[in-house]
Amino acid sequence: MRITRRTWLGAFLAGALGAATAFVPVAAKAQDVTVFAAASLKDALDAVNAQWQADAKHKAVISYAASSALAKQIESGAPADIFISADLDWMDYLAERKLIRPETRSTLLGNRLVLVAPKDSAVQLTIGPDFGLAETLGGGRLAMADVKAVPAGKYGQAALQKLGVWSSVQGKVAQAENVRATLALVSRGEAPLGIVYQTDAAADPGVRIVGTFPADSHPPILYPVAVLAGSEKPEAQAFVDYLRSPAAKPLFEKQGFTVLAQ
């Protein structure tokens with residue numbers, strides 16, 4: 001059969017229309033949601049995400065790191081849809097730069113601050129004013145997250161200052177990039193003691209809790225969540241709503257978090 005220009009053009013248009021028709025359902029599919037979340041949320045948030053995928057048939061791709069590092073990445077234009085911080089300061093930092101949707105912001109969770117030791121350690125300490133932290137460390141190091149930027153480190157420094165022992169241990173601190181890295185230093189026996197969140201300690205069988213810091217020794221440990229201003233995905237708000245739902249509550253509580261937003 002001789003292919004005329006008219007025949008070729010008709011075939012081309014038919015193919016193009018067919019391709020366009022085939023493309024529509026793909027474009028209409030729900031998109032993955034990108035979440036930037038504090039490292040201490042990993043176990044709980046992974047469990048919530050798995051249940052959300054089963055219930056809603058959507059998926060969140062979650063990047064975990066220190067809240068400070070994530071906030072700076074968002075400020076630099078990193079493509080994310082949701083931010084969950086381990087303190088109010090870094091969420092405020094993004095809010096001041098108009099990088100979140102303020103109407104989507106809420107305080108999701110609460111946590112506690114604890115002193116941990118390797119699981120086989122015989123260390124005994126009662127946390128209180130002027131407690132013997134420096135003497136117990138001896139020649140060892142106190143593992144903490146970066147006290148200048150990372151929420152867990154800032155909470156820890158505040159607690160030690162309030163209890164009057166910061167000056168005695170300041171020169172013995174081994175600072176890590178985030179709270180999970182701090183936890184690893186203790187779990188591997190590289191530091192005899194460390195300050196982490198209660199939920200982190202519960203997630204690592206390589207450590208044991210020596211004591212819990214008094215709630216009034218540091219600012220409240222709060223986890224705010226918000227949709228980022230640059231997100232155009234309706235699934236982002238749907239995931240935030242799921243985090244606040246009764247379905248997610250027991251998964252957070254199982255890891256030791258206090259659920260605040262319902």
Side-chain angles (χ1 to χ4, degrees), residues 21-67 69-71 73-74 78-87 90-91 94 100-101 103-112 151-152 178-181 183-184 187 196-207 221-262:
T21 302
F23 180 74
V24 169
V26 175
K29 284 184 178 178
Q31 302 178 68
D32 291 348
V33 174
T34 301
V35 180
F36 279 13
S40 53
L41 286 164
K42 181 170 177 28
D43 296 271
L45 204 53
D46 281 351
V48 174
N49 187 26
Q51 184 165 292
W52 189 56
Q53 289 184 49
D55 291 349
K57 312 305 179 188
H58 299 327
K59 183 174 72 173
V61 178
I62 307 174
S63 294
Y64 297 101
S67 301
L70 295 172
Q73 289 174 27
I74 292 167
D81 300 294
I82 296 166
F83 179 48
I84 312 175
S85 174
D87 72 356
W90 285 109
M91 186 64 79
L94 294 184
I100 68 167
R101 296 182 185 173
E103 73 278 7
T104 69
R105 177 177 175 171
S106 63
T107 302
L108 182 64
L109 303 167
N111 210 337
R112 300 293 301 274
N178 59 56
V179 70
R180 285 302 172 100
L183 184 69
S187 183
V196 298
Y197 298 126
Q198 176 180 282
T199 52
D200 295 298
D204 190 334
V207 305
I221 300 173
L222 302 172
Y223 290 71
V225 58
V227 176
L228 296 174
S231 176
E232 298 180 352
K233 300 174 185 176
E235 295 81 14
Q237 183 61 56
F239 186 64
V240 170
D241 290 343
Y242 195 82
L243 295 176
R244 295 162 48 91
S245 74
K249 182 177 181 180
L251 300 178
F252 285 122
E253 291 179 336
K254 182 179 180 181
Q255 298 298 326
F257 288 99
T258 301
V259 177
L260 303 175
Q262 287 289 304

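Side-chain atoms are counted along with the backbone in the values below, which use heavy atoms only and exclude waters and symmetry mates. Everything quoted here is computed from the prediction, not taken from an experiment.
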How long is the straight-line distance from [atom2] of [Y] back to [atom1] of [X], given to the nearest 0.5 Å?
X: Tyr242; Y: Gln53; atom1: OH; atom2: CD; answer: 10.5 Å
X: Thr199; Y: Glu253; atom1: OG1; atom2: CD; answer: 13.0 Å
X: Leu109; Y: Leu222; atom1: CG; atom2: CG; answer: 9.5 Å
X: Asn49; Y: Leu251; atom1: CG; atom2: CG; answer: 11.0 Å
X: Thr34; Y: Ile82; atom1: OG1; atom2: CD1; answer: 9.0 Å
X: Met91; Y: Thr107; atom1: CE; atom2: OG1; answer: 8.5 Å

[X] side-chain N/O to [Y] backbone N/O, donor-acceptor pair under 3.5 Å:
X: Thr104; Y: Val227; value: yes
X: Asp81; Y: Val33; value: no
X: Gln51; Y: Ala247; value: yes
X: Ser85; Y: Asp87; value: yes

Write down the atom of [X], the atom of [Y], and the distance for their closest heavy-atom approach.
X: Ala248; Y: Val48; result: CB-CG1, 4.0 Å
X: Ile74; Y: Leu228; result: CD1-CD1, 3.9 Å
X: Leu70; Y: Ala38; result: CD1-N, 4.1 Å
X: Pro246; Y: Pro250; result: O-CD, 3.1 Å
X: Tyr64; Y: Leu45; result: OH-CB, 3.4 Å
X: Tyr197; Y: Ala86; result: OH-CB, 3.8 Å

Salt bridge (Lys or Arg N to Asp or Glu O under 4.0 Å) with Asp55: which residues, sequence neighbours excluded? none
Arg105: salt bridge (Lys or Arg N to Asp or Glu O under 4.0 Å) partners, not counting sequence neighbours: Asp92
Single hit among Arg180, Lys42, Gln255 for side-chain hydrogen bond (donor to acceptor under 3.5 Å, both in side chains) with Asp200: Arg180
Please indicate whether Glu103 has more than 12 foreign heavy atoms, meaning atoms of other residues, nucleotides or ligands, lying under 6.0 Å from its CD. yes
Are there over 12 heavy-atom neighbours, none belonging to Lys233, within less than 6.0 Å of that residue's NZ? yes
Can you list the residues that meet the ring-ring contact (aromatic ring centres under 6.0 Å, His included) rule with Phe83, with sequence neighbours excluded? none
Kindly write out the residues that satisfy ring-ring contact (aromatic ring centres under 6.0 Å, His included) with Tyr223, not counting sequence neighbours, or none if the list is empty. Phe257
Set out, in order, the CA-CA distance, both residues' side-chain angles and the distance that settles side chain to side chain contact (heavy atoms under 4.5 Å, CB included) for Arg112 and Ile221, then state yes or no. CA-CA 7 Å; Arg112 300 293 301 274; Ile221 300 173; 5.6 Å; no
Could you pull out all residues at least two apart from Ser63 that satisfy side chain to side chain contact (heavy atoms under 4.5 Å, CB included)? Phe36
Partners meeting side chain to side chain contact (heavy atoms under 4.5 Å, CB included) with Ser187 (sequence neighbours left out): Asp204, Val207
Trp52 vs Leu243, side chain to side chain contact (heavy atoms under 4.5 Å, CB included): CA-CA, chis, key distance, verdict: CA-CA 9 Å; Trp52 189 56; Leu243 295 176; over 6 Å; no
